[in-house]
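Every number for a ligand or one of its atoms is a count from 1 in the order of the listing.
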Amino acid sequence: MTEAQTRDLLVELGASLFQRGYCVGSAGNICVRLPDGYLMTPTNSSLGRLRADRISKLDPDWTHIAGDAPSKEVFMHRAVLTARPQAGAVVHLHSTCATAIGCLAQPGCDQPIAALTPYFVMRVGRRLPVIRYYRPGDSAMEAEIHAAAQGASAMILANHGPVVSGKTLTDTVYAAEELEESAKLALMLRGMQARALSADQIDDLLQVYGPPGAG
Ligand SMILES: O=C(CO)COP(=O)(O)O
Ligand SMILES: [Zn+2]
């Protein structure tokens, strides 16, 4: 995919996420790694009203070279993409249900919701680490995010929201949506005798479809 196509896709998918309520205001951010290692990241703006020509561009050393100033959380994108060489994108949202799970679960746990559906396993995987609370933009979280990303394609920042990676931008958006819907399902079923997938069923899914983010 060319840089121009990536810019257009960022605008299209940002608008789609915003129009369906996965993000509000200027919350959330996205980062895409181009095949040449350069990065595109719309930031400090509503994902619903992105301008392709203003999207921040950074070189492979994460130096800003064009477009608007990058996110105050570009270190978060860097932490994930350096931990996951096969990943091509990071999507961070404040999607309500995933954030609610991040307000309920203990920081440090890595299975805050059960694997209730196949697509949760296929898009999110076995582990969903909950990272302790940091102030948005606090680069002190970088090391913890990097460590968590080495074993998981997605995580939830406590009291803040999910950070999701994937092989392509589209895969990553799909995974972020699946995480939000899985969190909604988990909240709906709290206190009920919901049946989670078995370890064998989870193993089967990962064997047949591969781990999330492997593309
Ligand atoms: O969600 C956000 C911070 O956590 C959005 O911040 P930016 O607009 O600076 O990327
Ligand atoms: Zn945020």
Trainee: Please list, in number order, the atoms of ligand 1 under 4.0 Å from a heavy atom of Ser26.
Mentor: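 Contacts of ligand 1 toward Ser26, numbered from 1: 5 (C), 8 (O).
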
Trainee: Identify the heavy atoms of Val11 and Ile55 that sit nearest to each other, and give their distance.
Mentor: CG2-CD1, 4.4 Å

Trainee: Give the atom numbers and elements of ligand 1 that come within less than 4.0 Å of a heavy atom of His160.
Mentor: 4 (O)

Trainee: Note the single closest protein heavy atom to atom 7 (P) of ligand 1, along with its residue, its atom name and the distance in Å.
Mentor: Thr43 OG1, 3.5 Å

Trainee: Could you report the tightest heavy-atom contact between Lys57 and His64, atom names first, then the distance?
Mentor: O-CD2, 3.5 Å

Trainee: Can the ring centres of His92 and His77 be said to be less than 6.0 Å apart?
Mentor: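 Not close enough - the centres of the two rings lie 6.0 Å or further apart.
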
Trainee: Give the atom numbers and elements of ligand 1 that come within less than 4.0 Å of a heavy atom of His92.
Mentor: 1 (O), 4 (O)

Trainee: What are the two closest heavy atoms between Val121 and Pro212, and how far apart are they?
Mentor: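 For Val121 versus Pro212, the nearest heavy atoms are O-CG, 3.6 Å.
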
Trainee: Among the heavy atoms of Met76, does any lie under 4.0 Å from an atom of ligand 1?
Mentor: no

Trainee: Is it true that the side chains of Ser16 and Arg20 contain a donor and an acceptor less than 3.5 Å apart?
Mentor: yes

Trainee: Could you tell me whether Gly28 and ligand 1 have an N or O pair separated by under 3.5 Å?
Mentor: yes

Trainee: Taking only heavy atoms of Glu73, which atoms of ligand 1 are found under 4.0 Å from at least one of them?
Mentor: 2 (C), 3 (C), 4 (O)

Trainee: Tell me which N, O or S atom of His92 sits nearest to the Zn ion (ligand 2).
Mentor: NE2

Trainee: Minimum distance, heavy atoms only, to atom 8 (O) of ligand 1: which one of Asp138, Leu157, Asn44 is it?
Mentor: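 Looking at heavy atoms only, Asn44 sits closest to atom 8 (O) of ligand 1.
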
Trainee: Taking side chain as C-beta onward, heavy atoms only, is Leu197 less than 4.5 Å from Leu205?
Mentor: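 Side-chain contact under 4.5 Å: yes.
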
Trainee: Just to confirm my output: which protein heavy-atom neighbour is closest to atom 6 (O) of ligand 1, and how far is it?
Mentor: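 The closest one turns out to be Lys72 NZ, 3.3 Å.
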
Trainee: Can you tell me if CD on Gln207 sees more than 12 non-hydrogen neighbours from other groups inside 6.0 Å?
Mentor: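 12 or below, so no.
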
Trainee: Are side-chain heavy atoms of Asp138 and Phe75 found at a separation under 4.5 Å?
Mentor: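 The answer is no, as the side chains (C-beta and beyond) never meet within the 4.5 Å cut-off.
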
Trainee: Would you mind listing which atoms of ligand 1 come within a distance below 4.0 Å of any non-hydrogen atom of His94?
Mentor: 1 (O), 2 (C), 4 (O)

